[in-house]
Number of protein chains: 2
Amino acid sequence: MSGMERADAARNRARILEAAALLFAEKAPQDVTMDDIAKKAGVGRGTLYRRYPDRASIAVALLDEHERELQERLLRGEPPLGPGAPAAERLAAFYAAMVGLLEGHRHLVLGSEVGRSRFETGAYGFWRAHVRVLVVAAGVPGPDALVDVLLAPLAPEVYGYQRSVLGLTPEQITEALTRLTKTLDPGP
Amino acid sequence: MSGMERADAARNRARILEAAALLFAEKAPQDVTMDDIAKKAGVGRGTLYRRYPDRASIAVALLDEHERELQERLLRGEPPLGPGAPAAERLAAFYAAMVGLLEGHRHLVLGSEVGRSRFETGAYGFWRAHVRVLVVAAGVPGPDALVDVLLAPLAPEVYGYQRSVLGLTPEQITEALTRLTKTLDPGP
DNA sequence: AGTGAACCGGACAGCGTGTCCACATAGCTG
DNA sequence: CAGCTATGTGGACACGCTGTCCGGTTCACT
């Protein structure tokens, strides 16, 4: 069958992912070369390129399950993250959850954006759709422009700068983000 | 004297800047190679590298005067951009001015960030200091984290995505940004 | 076991970067 | 105006990374 993956292929995929995770953890994404990954995983370049055309796809694969879990909770989890709470509270909960995600997997998120921009990743589309629903629910006029504005501070470069250079804590950042929910209040 | 620039050097600097401006205008920053610029300017690679170690420095040089002008107006211009108006209004004026800058020189701003991140550029430090003053003036507790959050939507990638992919107008984007000034309102 | 298909891995060519140095030229000096 | 020196110039060079390609190998099924 074409849907079945051969045993050796599966084993190599696992080794690649494991090696990539280690490398992404120890140095900046743009300094991790495809050669490094192949070397550390003990496979040849061709094998690596067969499945993953670039670094980004590897990081995406590593990130996938974590993002999936959060996406699931947004869609069907308990309020305030899931449906049922007021838009502003859901947005605040989303921010807190995203800070958690960034804190745990910053290098991976950063790695998933090498070469292409974050807007081209599938995940951005999901976050965008989610926040858009909240903005619309709050009755904000012209919601489209606001969505990306609200999502912008979650760019990994911004978070990394705040954490590593400025030395801010996740709590401080979350608090500042929570302040953004004021934009959903009815107003002029 | 060591402070004096030789005439031929000055002429070549002008040719390099002119060539780079044309190239940045016609294609994406990462597709403009140092070779392209040297070729178009009619100088050798060595000459190019002598003054500008990378693409970013060239874009910064091109951007310099535009940013300087805005910085001047922020410091000493008329309210609401300059001093004298309430913090929220000054922030709104700053956003509007930055949209103008991005709209006019998006490729340059983008180009000034190849390789390094925008936080390392001198300009970011200036915008940061300015917004920080406004946030502090508004009496927001824990201002530091909020500053970068407020600055994040001005990242050229975000603006470019909103304009080119989403098809939003500068006015729509400015309006959404203006909504962010609500974060300066006194609150819980 | 035998067979076809999928998979593996290293070699290869192309591209961009950044450095280096022999040569040329500007601008000072007598 | 001619000689001198520091500065500027330009192209050749070596290196590292990318992405592709193909001969050989291994798996899974019969």
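Below, read A as the first sequence line, B as the second, and so on, with proteins coming before strands; counting in each chain starts at 1. Treat the numbers as computed from the prediction; the structure is a model and nothing was measured.
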Check: residues 129-154 of chain A side-chain donor-acceptor pairs under 3.5 Å, at least two apart:
unit_1	atom_1	unit_2	atom_2	d
A/Arg132	NE	A/Asp144	OD1	2.8
A/Arg132	NH2	A/Asp144	OD1	3.4
A/Arg132	NH2	A/Asp144	OD2	3.2
A/Asp148	OD1	A/Tyr124	OH	2.7
A/Asp148	OD1	A/Arg128	NE	3.0
A/Asp148	OD2	A/Arg128	NE	3.4
A/Asp148	OD2	A/Arg128	NH2	2.8

Practice task
Please test A/Glu157 against B/Arg118 for salt bridge (charged side-chain N to carboxylate O under 4.0 Å, His left out), starting from the C-alpha separation and ending with a verdict.
Solution key: CA-CA 9 Å; A/Glu157 294 86 2; B/Arg118 63 194 288 250; over 6 Å; no
For [X], all residues meeting salt bridge (charged side-chain N to carboxylate O under 4.0 Å, His left out), sequence neighbours excluded:
| X | value |
| --- | --- |
| B/Lys27 | B/Asp36 |
| A/Arg11 | none |
| A/Glu69 | none |
| A/Arg106 | none |

Handout entry: 5' precedence on DNA chain C between B/Ala7 and B/Gln30 (nearest-nucleotide basis)
Key = B/Gln30
[atom1] of [X] versus [atom2] of [N]: gap in Å, rounded?
| X | N | atom1 | atom2 | result |
| --- | --- | --- | --- | --- |
| B/Ile37 | D/dG10 | CD1 | P | 15 Å |
| A/Asp36 | D/dC17 | CG | P | 7 Å |
| B/Lys39 | C/dT17 | NZ | P | 13 Å |
| A/Glu5 | C/dC7 | CD | C1' | 11 Å |
| B/Asp8 | D/dG8 | CG | C1' | 6 Å |

Exercise for the section: Could you work out which one of D/dT18, C/dC8, D/dT7 sits closest to the side chain of B/Arg6? Expected result: D/dT7
Which pairs of donor and acceptor atoms, one on a side chain in residues 73-80 of chain A, lie under 3.5 Å apart (sequence neighbours left out)?
unit_1	atom_1	unit_2	atom_2	d
A/Arg76	NE	A/Glu72	OE2	2.7
A/Arg76	NH2	A/Glu72	OE1	3.1
A/Arg76	NH2	A/Glu72	OE2	3.2

Exercise for the section: Please list, by residue number, the residues of residues 43-58 of chain A whose heavy atoms come closer than 4.0 Å to an atom of DNA chain C; answer none if no residue qualifies. Expected result: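 Within this stretch, A/Val43, A/Gly44, A/Arg45, A/Gly46, A/Thr47, A/Arg50, A/Arg51 sit under 4.0 Å of the strand.
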Fill in the blank from the handout: Under a 4.0 Å heavy-atom cutoff, the residues of residues 10-27 of chain B touching DNA chain D are B/Asn12
Practice task
Can you sort out the partners of A/His105 under ring-ring contact (aromatic ring centres under 6.0 Å, His included), two or more places apart, ordered by chain and number?
Solution key: A/His66
